[in-house]
There are 2 protein chains.
Amino acid sequence: MDAYSTIRWSGDVDGHLVLLDQTRLPTEIVYVECRSVSDVDQSIRRLVVRGAPAIGVAAAYGVCIGIQEATGLNAEAMRLAINVTCDFLEGSRPTAVNLSAAINRMQSVADQLGFPALLGPRATSSKFDSHNVTHNIKVARRLLAEARAIDSEDREMCAAMARHGADLLANLPDGAGILTHCNAGALVSGSGDGTALAVIFELARRGKRLHVLADETRPLMQGARLTMWELMQRGIECTLICDSAAAQVMREGRIQAVITGADRIAANGDTANKIGTYSVATLARAHGIPFYVAAPTTTFDLSIAEGAKIPIEERASEEITNIVDHQVAPHGARVYNPAFDVTPAALITAIITDRGCISPVAESAIRDRLT
Amino acid sequence: MDAYSTIRWSGDVDGHLVLLDQTRLPTEIVYVECRSVSDVDQSIRRLVVRGAPAIGVAAAYGVCIGIQEATGLNAEAMRLAINVTCDFLEGSRPTAVNLSAAINRMQSVADQLGFPALLGPRATSSKFDSHNVTHNIKVARRLLAEARAIDSEDREMCAAMARHGADLLANLPDGAGILTHCNAGALVSGSGDGTALAVIFELARRGKRLHVLADETRPLMQGARLTMWELMQRGIECTLICDSAAAQVMREGRIQAVITGADRIAANGDTANKIGTYSVATLARAHGIPFYVAAPTTTFDLSIAEGAKIPIEERASEEITNIVDHQVAPHGARVYNPAFDVTPAALITAIITDRGCISPVAESAIRDRLT
């Protein structure tokens, strides 16, 4: 993106993380500085930063923050800092696999470098052991390099995904209507163009005239607040609708394709994404409209056989009962607020990845594409 | 209802209309007094009073208000007042047929009584002609009686509909989940129990244990604000969900039946109701769940062959872009905000009316039941 950056690391190993506060969009552009692991954790929980790839990138940088105080100490302190930070951030949100994948990758890097004090006799592990500190600095540099790699790989994956998706959708008629749910644009990526919207941006770049219909996406309005903002920033024609109007606009013939992002994709192609995605996919099928998922290969979790096994985050009732400070439901109303749902593979026309498109969506085709 | 009344006429022919302000629920119970036709019109437009049967009842009483100043004048003034009031209130909202049906009924009553001054020579039509005034008072009494009849007939229709619906759903298992969209309870009726919720209330009265899932119903949150309130007032187990979670709760096996109200039903059974109803009906079909519409026979409009001909009100963008005073979408965002959609007859398992249930839903069965 040009005028704003979703996630930015400022400085060297002693630097800090700067996040565009997505809870304040679209009315205010405010950046939040994270200088502690708790800052990063809270930013992920409060959805200051959200979207599967972005929370992976943010968590990776979060690990770099978590080790800063330990770098000047001994190797045991460093190891402890890494483990504690990784454990802590992995619990920030449960559904998107990119978070745990990024954390695991950071942990592996540290493990591969080893912890010298733990290899030698205990006595050498003194607090100011210079060998320890030198090694710790090396670990810190390597971890920051890894976080930056996760960030830049994500950017490149977004670009590759956008190209594959635009190729797939090249035959859409001029002026075609595309429905999207939630937000899967540059705001879900560290420095890339995102997933579903990246495909739309690429189509626009190639001169295709499109009309995007954006579901507002209750309860947190990522469609109204973020998708509309990103599309308007880029001059792409767009119209906001209530989630419940998606069926109606399909019936009116306004939609030629549906495209969404994903938070975790199981081995069989079942896809967890923002609550309402399964609804849109079911409605698209009923209206004979193709339904596409755009997701980097990092969003696949081959360790999970099927969608029913994906952990689904349930969020606070207040997201639904109150809007800003305004109470909309009766005091004491019981609420069910799953943040995600699972769209079965059978409803997905194709999954667009950075390594090409998967269609029909089935386990063998997924494994072929990913390995 | 016991503790509150949705619509109440206070006094005699010189009385006024008292409406429970539904825009303030559930946090405040405030009554609005309407003493002019403009008050009634604004109350209907602003959704102080809403729901197909209720706006019919409110408009009928509105006609009684519209003639109050003319009653002491001559017959021409009376005729003018009736015509102007009826024209004015008929335009308050377009989709629910009950509004125009109630207005037409009031107009017919006045027409049947005739206007004496218009029958005799022009010279007799003086401003203070006592014969005129006597007749005008008679017209006013007759119109108030007619409005009261519309009100009480509506109450009786709700009760009959509830009985037929409860008979139809008597075999639901104990603890069954029922999904409803928008609000179709006592708040949509002058003094009755409403439509869809009336069936649920009757089932509860008969000892059936149910769990109602209420769609919040964006943009105006009638489900969150009104349905949850009515259900909680009556001690019926209920849970609030976002509209986009309806598919998910169906998939989880939590829903055994869907029931909604209606704003206008065409001769072939196509049903206009709150935006999102068509979505819920389509999702119910995809999950093999029966979808019921509960509506009094006054909601049918046999003059309209099919749903595509039903006028659909489009409401202000601000209902979606702003919540209370909080801006959620970017400044200048384009919005599509149809207040209603049309569910094709083929998706409706049965229409529950005060004269019994119609199933399968087809033109011949509807005409048989209604005539």
Side-chain angles (χ1 to χ4, degrees), chain A residues 25-27 181 213-219 221 223-225 228-229 232-233 237-249 251 254 274-283 285-287 317 319-321 323-338 341-342 344, chain B residues 25-27 181 213-219 221 223-225 228-229 232-233 237-249 251 254 274-283 285-287 317 319-321 323-338 341-342 344:
Chain A
L25 289 173
T27 47
H181 188 73
L213 279 283
D215 276 354
E216 64 176 11
T217 316
R218 278 285 290 160
M221 300 286 190
R225 295 189 301 106
M228 286 298 287
W229 185 68
M232 289 169 76
Q233 289 263 330
E237 211 183 330
C238 54
T239 298
L240 175 64
I241 59 170
C242 288
D243 302 324
S244 68
Q248 178 62 18
V249 297
R251 190 171 155 83
R254 298 186 190 220
K274 178 58 53 203
I275 185 74
T277 304
Y278 168 58
S279 176
V280 169
T282 305
L283 295 170
R285 172 61 51 93
H287 292 83
S317 299
E319 287 186 354
I320 295 181
T321 57
I323 297 179
V324 195
D325 295 328
H326 186 72
Q327 182 187 336
V328 288
H331 183 71
R334 185 191 323 198
V335 169
Y336 178 48
N337 183 20
D341 57 26
V342 174
Chain B
L25 289 172
T27 47
H181 187 73
L213 278 284
D215 276 352
E216 64 176 11
T217 316
R218 278 284 290 158
M221 301 285 189
R225 295 191 299 108
M228 287 297 288
W229 184 68
M232 289 168 76
Q233 290 263 329
E237 211 183 331
C238 54
T239 298
L240 175 63
I241 59 169
C242 289
D243 302 323
S244 68
Q248 178 62 20
V249 296
R251 190 171 155 83
R254 298 186 190 220
K274 179 57 54 199
I275 185 74
T277 303
Y278 168 57
S279 177
V280 169
T282 305
L283 295 170
R285 172 59 52 92
H287 292 85
S317 300
E319 286 186 356
I320 295 181
T321 58
I323 296 178
V324 195
D325 294 328
H326 185 73
Q327 182 186 336
V328 287
H331 183 71
R334 187 192 320 197
V335 168
Y336 178 49
N337 183 20
D341 58 25
V342 174

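Order of the sequence lines sets the chain letters (A, B, ...), proteins ahead of strands, with each chain counted from 1.
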Among B:A286, B:C242, B:P338, single out the residue with the greatest number of heavy-atom pairs under 4.5 Å to chain A. B:C242
If I compare all heavy atoms of A:H331 with all of B:M232, which pair ends up nearest, and what's the gap? O-CE, 3.5 Å
Is B:V280 close to chain A through its backbone or its side chain, or both, or neither, when contacts mean heavy atoms under 4.5 Å? neither
Count the heavy-atom pairs under 4.5 Å between each of B:A246, B:A224, B:G276, B:P330 and chain A, then report the option with the highest count. B:P330
Where on B:C238 is there a heavy atom nearer than 4.5 Å to chain A: the side chain, the backbone, both, or neither? backbone
Count the heavy-atom pairs under 4.5 Å between each of B:N337, B:D341, B:V328 and chain A, then report the option with the highest count. B:V328
Considering only heavy atoms and a distance below 4.5 Å, find which of B:S317, B:A281, B:A329 pairs most often with chain A. B:A329
Shortest non-hydrogen contact between A:S244 and B:I275, atoms and distance: OG-O, 3.6 Å
Any side-chain heavy-atom pair of B:H326 and A:H326 under 4.5 Å: no
Identify, with sequence neighbours excluded, every residue that meets ring-ring contact (aromatic ring centres under 6.0 Å, His included) alongside A:H287. B:Y278
Can you tell me which portion of B:T239 sits under 4.5 Å from chain A's heavy atoms? Options are side chain, backbone, both or neither. both
Would you say that A:R251 contacts B:P344 through its side chain, given a criterion of any heavy-atom pair below 4.5 Å between the two side chains? yes
Within-4.5 Å side-chain heavy-atom neighbours: B:L240 and A:I320: yes
Among B:E237, B:K274, B:R285, single out the residue with the greatest number of heavy-atom pairs under 4.5 Å to chain A. B:E237
Please state whether the side chain, the backbone, both or neither of A:Q248 comes within less than 4.5 Å of a heavy atom of chain B. both
Do B:L283 and A:S279 have side chains that get closer than 4.5 Å, going by heavy atoms? yes
In terms of heavy-atom proximity below 4.5 Å to chain B, should A:I241 be classed as side chain, backbone, both, or neither? both
Given heavy-atom pairs under 4.5 angstrom as the criterion, report whether the side chain, backbone, both or neither of B:Q327 touches chain A. both
Does the side chain of A:M221 reach to within under 4.5 Å of the side chain of B:I323, using non-hydrogen atoms? yes
